[in-house]
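What's counted below: heavy atoms across the whole structure, side chains too, no hydrogens, waters or symmetry copies.
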Amino acid sequence: MRAFAEEAIAGEGTTDILIVGGGTGGVAAALAALRLGRRVILSEESDWIGGQLTAQAVPPDEHPWIERTGATRSYMQFAQGVRDYYRRHYPLTDEARRIVNFNPGVGTVSRLCHEPRVALAVLEAMLAPWRNSGQLELWRGQVPVSAETDGDRVRAVTLRSLAGGDETVVSADWFLDATEPGDLLELAGVEHVIGAESQAQTGELHALPGDPDPLDQQAVTWCFAMDWLPGEYHVIERPADHDFWRGYRADFWPGPQLGWRYPDPVTLEPVHRPLFVAGDQPDFWRYRRILCKDHYRPGSFRSDITLVNWPQNDYWLGPLVGVSREEAQANLRAARQLSLSLLYWMQTEAPRHDGGQGYPGLRLRPDVVGSEDGLAKKVYVREARRIRAEFTVVEQHLGVEQRGGLAGAEIFPDSVGTGSYRIDLHPGTAGRSYVDVSCYPFQIPLGALIPQRVENLLPACKNLGVTHVTNGCYRLHPVEWNVGEAAGALAAWCQTQGLQPRQVRGNAAQLHDFQTLLRNSLGFVLEWPEDIRLTPR
């Protein structure tokens with residue numbers, strides 16, 4: 001096995017823990033396992049690690065208490081690392097440099113709207129000591145193609161190089177699935193669920209009222225970055241599918257898909273939000289802005305940079321999971337065409353804030369997202385395959401309406417972390433509009449990380465034991481990080497102690513020891529302060 005591998009060597013490899021998928025959860029899982037002394041191979045399809053934070057170009061969606069509590073120590077180190085990177089390398093104004101919780105883009109959606117490349121640099125730096133020591137091998141451009149199992153255990157996973165097609169069979173004691181769609185679950189035969197459950201199955205208020213629908217999955221989004229240079233002409237070539245998207249309107253949408261009107265996610269009433277407005281009224285330019293030029297010395301940047309992950313480029317005409325490879329690829333192509341068509345419409349036809357039509361000075365920024373065509377390297381996936389777990393989180397555990405007179409979310413004695421976000425389901429591939437309902441700050445139960453049957457494969461991102469409904473609040477960056485880090489810690493702990501995950505959860509003394517490790521050694525937060533726990537979002 002090669003100590004400083006950038007890619008797998010064709011043939012065979014071995015390690016303590018193989019993490020398949022180097023996204024947000026995968027990186028966090030690696031950090032935990034490495035800090036607990038285990039050898040790790042981390043494989044990633046893209047040339048960028050980080051997933052949502054980088055290759056998918058989605059600034060973190062964080063809860064309002066993030067600087068006080070409700071995140072692991074390593075996540076807060078990442079966030080601080082991003083802020084420090086700007087302070088070290090960017091020409092900040094003195095005023096901006098003094099902002100303690102500096103928000104690079106001052107985006108309204110997040111307390112930390114940053115450029116994908118900065119997140120990549122910080123994550124690479126966090127992994128660098130372990131790579132240099134040889135304890136971590138990072139294999140880029142690798143996809144899982146098969147898994148070898150023996151009863152309830154996984155023995156090996158075969159990774160294929162996207163560059164040359166060479167295959168490497170990796171044997172390990174533990175396997176973590178941190179792929180965006182949960183691909184390793186399917187390859188290894190781990191029992192799992194896709195799509196939307198029914199009310200009859202889960203008892204959830206906002207589950208489907210009729211039959212379950214595996215192909216009802218949340219929209220995906222192909223994000224892109226752009227700046228605005230008034231007076232210049234940066235109109236892209238007319239996208240092949242532009243005529244389709246220009247005329248498309250879903251039954252549940254208040255106007256054309258390419259327009260400034262969309263349903264309010266909570267009330268479903270029509271909302272008009274243009275690209276630019278004066279004052280403090282909401283607009284799309286500042287919504288996910290990742291660079292605010294006013295933070296920097298005059299002349300440093302010609303324009304702000306904003307990230308387009310908006311209702312208008314949510315793609316819901318077909319799913320990515322549970323369909324043939326050909327159908328999934330067709331849907332990915334269509335998602336790309338939607339985003340390019342939205343940009344072209346904004347450049348040529350969109351009603352302007354100052355009268356007239358079109359903003360030809362909007363410029364696609366491929367350099368910001370690290371691609372040739374200007375779209376993010378990877379599509380933003382909101383929903384994956386989900387394990388059939390020892391314990392599944394349902395709406396009854398945290399939804400404000402379904403909790404009725406109960407104050408706060410369910411308290412889980414086997415907590416391995418915390419999170420907070422609304423139950424936020426984007427329109428689905430079965431034609432259902434937004435489902436966006438209030439929920440209490442919640443915990444991550446260990447039981448949701450343990451498959452019902454398989455012993456040594458753990459979920460490490462959005463593929464834990466949640467439902468279509470509760471995935472809506474467990475899918476965001478700090479929670480995915482926490483899930484991945486908990487999975488990495490669990491695998492490392494079990495290998496060190498000679499235990500199985502269900503033994504850790506099932507024995508009070510073992511659970512106490514593991515939770516103590518999470519708190520004291522890794523800086524996990526396992527419960528919310530009472531004032532926050534009772535505050536719904």
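- Judged by distance alone, the side chain of Gln52 and the main-chain N or O of Arg475 form a donor-acceptor pair under 3.5 Å.
- Rounding to the nearest 0.5 Å gives a distance of 9.5 Å between OG of Ser300 and CG of Leu291.
- In terms of heavy-atom proximity, Val479 sits nearest to Cys473 at CG2-O, 4.2 Å.
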- Message: Would His397 and Phe412 count as a ring pair (Phe, Tyr, Trp, His ring centres under 6.0 Å) here? Give the steps.
- Response: CA-CA 10 Å; His397 294 131; Phe412 297 130; 5.5 Å; yes
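- A donor and an acceptor atom, one from each side chain of Glu115 and Tyr85, are nowhere located under 3.5 Å apart.
- Taking CD of Glu148 as the reference point, atom CG of Leu187 lies at 13.5 Å (rounded to 0.5 Å).
- In this structure a side-chain-to-backbone donor-acceptor pair under 3.5 Å is missing from Gln500 to Arg502.
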- Message: Between Glu137 and Trp139, does the side-chain hydrogen bond (donor to acceptor under 3.5 Å, both in side chains) criterion hold? Intermediate values first, please.
- Response: CA-CA 6 Å; Glu137 297 187 33; Trp139 294 359; 3.1 Å; yes
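- Distance CG/Asp513 to CG/Leu518: 11.0 Å, rounded to 0.5 Å.
- A salt bridge links Arg385 with Asp183: the distance from a Lys NZ or Arg NE/NH1/NH2 to an Asp or Glu carboxylate oxygen falls below 4.0 Å.
- The environment of CZ in Arg325 is sparse: at most 12 heavy-atom neighbours from other residues, nucleotides or ligands sit within 6.0 Å.
- Counting only distance, with no hydrogens or angles, the side chain of Arg73 and the backbone of Ser521 share a donor-acceptor pair below 3.5 Å.
- For the side chain to side chain donor-acceptor pair (under 3.5 Å) with Asp173, the lone residue among Arg153, Gln495, Arg38, Arg39 that qualifies is Gln495.
- Between the side chains of Gln56 and Glu180, at least one donor N or O sits under 3.5 Å from an acceptor N or O.
- Checked for salt-bridge contact, Glu45 and Arg140 miss the test: no charged N lies under 4.0 Å from a carboxylate O.
- Residues Thr149 and Arg155 form no side-chain contact, since every pair of their non-hydrogen atoms from C-beta on lies 4.5 Å or further apart.
- Summarising the geometry of Met76 relative to Ala71, their closest heavy-atom pair is SD-CB, 3.8 Å, with the distance given to 0.1 Å.
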- Message: Walk me through whether Ile450 and Phe391 qualify under side chain to side chain contact (heavy atoms under 4.5 Å, CB included).
- Response: CA-CA 8 Å; Ile450 303 176; Phe391 182 87; over 6 Å; no
- Task: Mind running side chain to side chain contact (heavy atoms under 4.5 Å, CB included) on Asn309 and Trp222 for me, showing each step along the way?
- Result: CA-CA 8 Å; Asn309 172 16; Trp222 219 305; over 6 Å; no
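- For the pair Thr24 (side chain) and Gly50 (backbone), a donor-acceptor distance under 3.5 Å is present.
- Residue pairs meeting the ring-ring contact (aromatic ring centres under 6.0 Å, His included) criterion with at least one partner in residues 468-491, sequence neighbours excluded, are Tyr75-Trp481, Phe78-Trp481, Phe442-Tyr474.
- No donor-acceptor distance shorter than 3.5 angstrom exists from the side chain of Asn507 to the backbone of His512, with no hydrogens or angles considered.
- A donor-acceptor distance shorter than 3.5 angstrom exists from the side chain of Arg382 to the backbone of Ala219, with no hydrogens or angles considered.
- To the nearest 0.5 angstrom, Glu485 atom CD is 3.0 Å from Ser74 atom OG.
- In this structure, Asp414 contributes its side chain and Leu511 its backbone to no donor-acceptor pair below 3.5 Å.
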- Candidate pair Leu176 and Leu457, rule side chain to side chain contact (heavy atoms under 4.5 Å, CB included), full reasoning: CA-CA 6 Å; Leu176 272 59; Leu457 188 150; over 6 Å; no
- Message: One pair to check against side chain to side chain contact (heavy atoms under 4.5 Å, CB included): Val145 and Leu159. What are the steps and the verdict?
- Response: CA-CA 6 Å; Val145 293; Leu159 301 171; over 6 Å; no
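- Side-chain atoms of Leu307 and Arg289, non-hydrogen and from C-beta on, never get closer than 4.5 Å to each other.
- Between Arg117 and Asp367 there is no salt bridge, since no side-chain N of the basic residue sits under 4.0 Å from a carboxylate O of the acidic one.
- Two residues are said to be in side-chain contact when any heavy atoms from C-beta on lie closer than 4.5 Å; Ile290 and Pro116 meet this criterion.
- Val393 places none of its side-chain heavy atoms less than 4.5 Å from the side chain of Thr467.
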- Could you go step by step and tell me if Ser146 and Thr158 meet the side-chain hydrogen bond (donor to acceptor under 3.5 Å, both in side chains) rule? CA-CA 5 Å; Ser146 65; Thr158 299; 3.3 Å; yes
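- Checked by atom type, the side-chain pair Asp314/Thr221 shows a donor-acceptor distance below 3.5 Å.
- Arg111 places no side-chain N or O within donor-acceptor distance of the main-chain N or O of Ile66, the cut-off being under 3.5 Å.
- Counting only distance, with no hydrogens or angles, the side chain of Asn463 and the backbone of Ala384 share no donor-acceptor pair below 3.5 Å.
- Using a 4.5 Å cut-off on side-chain heavy atoms (C-beta onward), Arg386 and Val466 make contact.
- Side-chain contact, Ser161 with Glu167: no donor N or O sits under 3.5 Å from an acceptor N or O.
- Under the 3.5 Å distance criterion, with hydrogens and angles disregarded, a donor-acceptor pair is assigned to the side chains of Asn313 and Ser339.
- A salt bridge is defined here as a Lys NZ or Arg NE, NH1 or NH2 lying under 4.0 Å from an Asp or Glu carboxylate O, and Asp227 with Arg365 meets this definition.
- Counting only distance, with no hydrogens or angles, the side chain of Asp424 and the backbone of Gly472 share no donor-acceptor pair below 3.5 Å.
- Distance check: Ser420 OG to Trp528 CH2 gives 5.0 Å after rounding to the nearest 0.5 Å.
- For Gln142 against Ser43, the heavy-atom pair with the smallest separation is CB-CB, 4.2 Å.
- Side chains of Leu449 and Ile444 form a contact here, defined as non-hydrogen atoms less than 4.5 Å apart.
- Inter-residue side-chain proximity for Tyr440 and Arg533 is flagged as unmet; no heavy-atom pair is nearer than 4.5 Å.
- For an aromatic pair to be called close, the ring centres must be under 6.0 Å apart, and His295 with Phe102 satisfies this.
- Looking at every heavy atom in both residues, Ala376 comes nearest to Ala55 through CB-O, 3.4 Å.
- Leu320 contributes atom CG, which lies 11.0 Å from atom CG of Leu215 (distance to the nearest 0.5 angstrom).
- With a 4.5 Å cut-off on side-chain heavy atoms, Trp174 and Leu490 do not count as touching.
- Between Gln515 and Leu526, the shortest heavy-atom distance links the atoms CB-CD1, 3.7 Å.
- The pair Glu527-Arg519 meets the salt-bridge criterion, with a side-chain N (NZ, NE, NH1 or NH2) lying under 4.0 Å from an Asp/Glu carboxylate O.
- Residues Gly107 and Cys113 approach most closely at CA-SG, 3.6 Å, considering heavy atoms.
- Note on Lys462 versus Glu383: no salt bridge recorded, every NZ/NE/NH1/NH2 to OD/OE distance being 4.0 Å or above.
- Arg388 has no carboxylate O lying under 4.0 Å from a charged side-chain N of Glu197, or vice versa, which leaves the two without a salt bridge.
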